[in-house]
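Structure record follows, encoded as structure tokens.
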2 protein chains.
Amino acid sequence: MAVTLADVAARAGVSAATVSRVLSGNYPVAGATRSRVLRAVEELEYVVNGPASSLAAATSDLVGVLVNDIADPFFGIMASAVQSEMEPEKAGGKLAVVCNTGGSPERELTYLMLLQRQRAAAVVLTGSAVEDPGHAEALAARLRRLAAAGTRVVLCGRPPLPEAGGDGGQGGGKGAAGAGPGGTGAPLTVAFDNRGGARRLTEHLLALGHRRIGYVAGPAERTTTRHRLEGHRAALADHDRDHGRDLLTEADRLTVHGAYDRSSGYDGALELLRREPGLTAVLAANDTVALGVCAALREAGLSIPGDVSVAGFDDLPFSADASPSLTTVRIPLHEAGARAGRLALGRESAPPGDVATVRTELMVRASTAAPRTD
Amino acid sequence: MAVTLADVAARAGVSAATVSRVLSGNYPVAGATRSRVLRAVEELEYVVNGPASSLAAATSDLVGVLVNDIADPFFGIMASAVQSEMEPEKAGGKLAVVCNTGGSPERELTYLMLLQRQRAAAVVLTGSAVEDPGHAEALAARLRRLAAAGTRVVLCGRPPLPEAGGDGGQGGGKGAAGAGPGGTGAPLTVAFDNRGGARRLTEHLLALGHRRIGYVAGPAERTTTRHRLEGHRAALADHDRDHGRDLLTEADRLTVHGAYDRSSGYDGALELLRREPGLTAVLAANDTVALGVCAALREAGLSIPGDVSVAGFDDLPFSADASPSLTTVRIPLHEAGARAGRLALGRESAPPGDVATVRTELMVRASTAAPRTD
DNA sequence: CCTGGGATAGAAAGCGCTTTCTAAAGCGAG
DNA sequence: CTCGCTTTAGAAAGCGCTTTCTATCCCAGG
């Protein structure tokens with residue numbers, strides 16, 4: 001039905017082997033022959049059969065990118081950056097496959113299985129991990145298998161995996177977990193400095209004079225949430241130590257958890273206001289949540305930053321445009337994604353300790369100011 | 001190196017054929033045999049070799065989704081909806097491959113070529129098309145070839161292709177353009193009623209009493225831009241006819257073009273203000289552009305909607321949250337994407353005339369109001 | 001007790017490509 | 001003018017799976 005290598009070979013008056021060599025370009029072919037082949041390819045509109053090629057060569061030009069929510073620019077930016085490194089137009093270029101897990105660990109495993117089935121060249125996992133030990137172990141096992149199968153695994157924006165727990169059990173599995181081609185076994189990691197960012201953000205609020213600071217945090221079970229919370233508390237603890245205060249114990253009461261969406265911010269802010277009407281500042285899990293917080297505060301008749309300061313996290317494109325513009329912690333998502341992409345392609349060597357941390361940066365804008373002196 | 005079908009067959013004490021049948025499930029296998037095979041699969045942690053499977057079966061479980069900008073929720077929502085129809089966890093499930101073209105027609109062709117190489121089961125093209133005749137013909141040719149190769153082609157949010165131009169030329173190509181399996185030849189289309197939406201939006205402003213309406217339109221060469229502009233002008237023309245006015249001739253002067261981003265809105269609004277300081281309303285190419293328009297107007301000391309009304313297009317999630325909340329034209333992106341996904345899978349039969357139009361809906365919010373009576 | 005047919009499983013022929021291994025030229029050196 | 005090397009191209013053996021074709025087994029019906 002479709003045009004095959006043999007057809008091209010016949011037309012060019014050469015063997016199939018020669019055509020293959022011309023197209024892959026990793027073997028010397030005389031100039032005249034080469035151009036004869038290329039002409040035949042043109043004339044017949046030949047397109048390589050990818051599956052056949054992958055089967056024979058035992059390689060694939062697919063790179064999987066797992067994201068929690070493709071409709072969220074946070075992930076869109078990273079995915080776009082990963083993809084920008086793939087050079088699909090070039091001969092050895094890769095095709096990035098963006099898979100939307102919806103944040104579900106089960107779906108994540110499903111996609112990883114499908115990617116393994118496709119013998120993907122690499123897999124990039126973005127987004128925060130769920131801390132449930134069962135899921136974590138299942139995920140680690142799957143990633144180990146992928147690595148053993150020669151797929152490069154890169155984590156982007158999630159913490160490095162814990163060391164292998166169980167011994168993997170039965171079956172005379174051969175490779176001692178991933179000395180496979182191009183895999184160091186342990187996944188490469190591009191980590192965000194969430195702790196440091198949250199810490200600097202809280203320090204900023206403390207320096208402005210805020211003492212009653214609410215926190216609308218992300219889902220309780222995700223690593224990112226925990227890290228940001230830890231940074232926040234570390235700043236409070238430092239402050240307590242230096243000033244003999246006790247903000248840290250208050251922090252529990254002033255923290256609520258929700259999803260990474262606007263309504264969580266809205267609801268969270270109302271709940272915080274209920275718990276502590278004297279609130280002067282609210283930290284949000286991310287910028288989207290911060291927008292919800294702002295909406296709730298405004299509806300409660302509070303001005304920002306006049307009555308309450310609000311700060312977000314991530315610095316998405318819309319954050320600078322919000323009114324008031326959001327104080328937030330910038331995560332260089334594009335840079336991180338691009339780096340993850342290069343690691344996935346093996347174009348950049350693994351960072352020391354296999355973990356590259358990208359710095360976060362405090363962006364002070366209009367939504368935070370000193371509290372009213374009452 | 002890796003576990004193969006033969007290994008599983010040996011372990012289960014059956015033939016490779018039987019294992020294949022158990023896994024694909026489209027052939028009767030006795031219960032006892034079946035469970036013996038499944039146990040062997042478990043024990044050996046067998047994962048099917050996708051390329052081999054695709055080669056032998058001459059099918060693939062890849063579905064390509066082309067988007068202009070993956071970081072833009074407009075496309076993210078559609079992509080997510082397409083993906084939600086794929087059921088990757090099921091046996092016959094598909095793997096959606098989201099490809100970011102960056103709006104470049106060349107990259108679009110590159111991705112289509114790669115997807116054809118992978119023998120993708122279907123391809124969904126989202127986003128507006130470029131109207132350049134050269135590109136349009138190249139694209140149409142590529143899509144024809146895809147269809148001829150048995151790949152289902154679905155257009156989502158772009159107009160149906162023009163009828164085949166050239167006759168395709170040389171080579172005794174067989175199929176008369178795509179009576180291939182499951183392809184009707186002509187791509188299936190899910191179209192947005194951009195004209196109608198723009199028309200109703202303009203009518204809304206006219207009804208409020210606006211007469212000097214600026215338009216910060218999208219890139220001049222894209223179909224979507226043209227359609228929205230046509231709707232806008234149709235409304236103006238109707239008004240002129242009924243009221244003996246001449247708003248239509250003014251429209252040219254009050255239209256500027258830009259990209260689909262915030263800064264285009266910002267710059268565009270400033271330019272419009274320069275051309276017509278007495279502007280009472282501004283339409284934007286989409287909601288992101290509208291935000292830029294709002295920012296520019298505000299910096300110019302104008303209040304929204306007090307001095308100038310602003311309206312967008314698309315109704316992205318952030319639009320209701322902006323302050324003031326944006327009047328806009330809602331495009332049911334999720335619904336459209338899901339439908340495109342179903343068409344791609346052949347789970348929904350083709351619409352009459354192969355074009356399904358999804359309705360757009362005017363969302364009147366706080367950013368539009370009657371102009372000041374001066 | 002024999003036979004025909006349904007149910008189940010195996011043998012084997014590819015699918016279209018890559019890649020050794022091998023052969024045929026082409027060319028300088030002895 | 002021949003020998004041995006390099007350069008270039010073909011032959012053919014898979015890669016791991018699917019699927020047709022065929023063989024076997026078992027049971028009901030005659």
Side-chain angles (χ1 to χ4, degrees), chain A residues 1-38 40-41 44-61 91-92 114 116-121 149-150 181, chain B residues 1-38 40-41 44-61 91-92 114 116-121 149-150 181:
Chain A
M1 177 175 172
V3 179
T4 71
L5 242 205
D7 299 333
V8 176
R11 174 123 189 172
V14 299
S15 72
T18 301
V19 177
S20 172
R21 295 200 260 251
V22 168
L23 293 179
S24 68
N26 45 24
Y27 196 88
V29 173
T33 315
R34 152 180 238 87
S35 50
R36 207 140 34 89
V37 168
L38 290 177
V41 167
L44 296 176
E45 299 188 339
Y46 172 67
V47 176
V48 179
N49 182 315
S53 170
S54 290
L55 172 59
T59 60
S60 152
D61 42 11
L114 288 173
Q116 181 174 355
R117 179 174 297 183
Q118 299 292 338
R119 302 298 190 257
Chain B
M1 178 174 168
V3 180
T4 72
L5 241 208
D7 299 333
V8 176
R11 174 124 189 172
V14 299
S15 73
T18 301
V19 177
S20 173
R21 295 199 260 250
V22 168
L23 293 179
S24 69
N26 46 21
Y27 195 87
V29 173
T33 316
R34 155 180 234 87
S35 50
R36 207 140 35 89
V37 168
L38 289 177
V41 167
L44 296 176
E45 298 188 337
Y46 172 66
V47 175
V48 179
N49 182 316
S53 171
S54 290
L55 171 58
T59 61
S60 151
D61 43 11
L114 287 174
Q116 181 174 355
R117 177 175 298 184
Q118 299 292 337
R119 302 297 190 259

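So that the names make sense, note that chain A is the first sequence line, chain B the second, and so on, each numbered from 1.
- Under the rule for a side chain to side chain contact (heavy atoms under 4.5 Å, CB included), the partners of A:S54 that lie at least two apart in sequence or sit in another chain are A:S60, B:P51.
- Partners of B:A52 by side chain to side chain contact (heavy atoms under 4.5 Å, CB included), not counting sequence neighbours, listed by chain and number: A:L55, B:N49.
- For B:S15, the side chain to side chain contact (heavy atoms under 4.5 Å, CB included) partners at least two apart in sequence or on another chain are B:A17, B:T18.
- The side chain of A:A57 lies closest to C:dT19, out of D:dG16, C:dT19, C:dG10.
- Across C:dG16, D:dG10, C:dG10, the shortest atom-to-atom separation from the side chain of B:L55 is found for C:dG16.
- Regarding B:R119, its CZ atom lies at a distance of 9 Å from the C1' atom of C:dG16, rounded to whole Å.
- Taking every side-chain heavy atom of B:A17 into account, D:dT19 is the closest of C:dG16, D:dA11, D:dT19.
- Contacts between residues 18-33 of chain A and DNA chain D, defined by a heavy-atom separation below 4.0 Å, involve A:T18, A:R21, A:Y27, A:P28, A:V29, A:A30, A:T33, listed by number.
- Residues A:R119 and B:V48 come closest through the heavy atom pair NH1-O, 3.2 Å.
- If you find the closest nucleotide of DNA chain C to A:V47 and to B:R34, the one lying nearer the 5' end belongs to B:R34.
- One can place CG of B:D7 at 14 Å from C1' of D:dC15, the figure rounded to the nearest angstrom.
- Residues forming a side chain to side chain contact (heavy atoms under 4.5 Å, CB included) with A:T4 (at least two apart in sequence, or on another chain): A:A6, A:D7.
- Between the CD atom of A:Q118 and the P atom of D:dC17 there is a distance of 13 Å, rounded to whole Å.
- At C:dC17, none of the side-chain N or O atoms of A:S53 fall inside 4.0 Å of OP1 or OP2 (strictly under the cut-off).
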Would you be so kind as to tabulate the donor-acceptor pairs closer than 3.5 Å made by side chains of residues 26-37 of chain B, with sequence neighbours excluded?
from	atom 1	to	atom 2	distance (Å)
B:N26	OD1	B:S24	OG	2.7
B:S35	OG	B:G31	O	3.2
B:S35	OG	B:A32	O	3.0
B:R36	NH1	B:A12	O	2.7

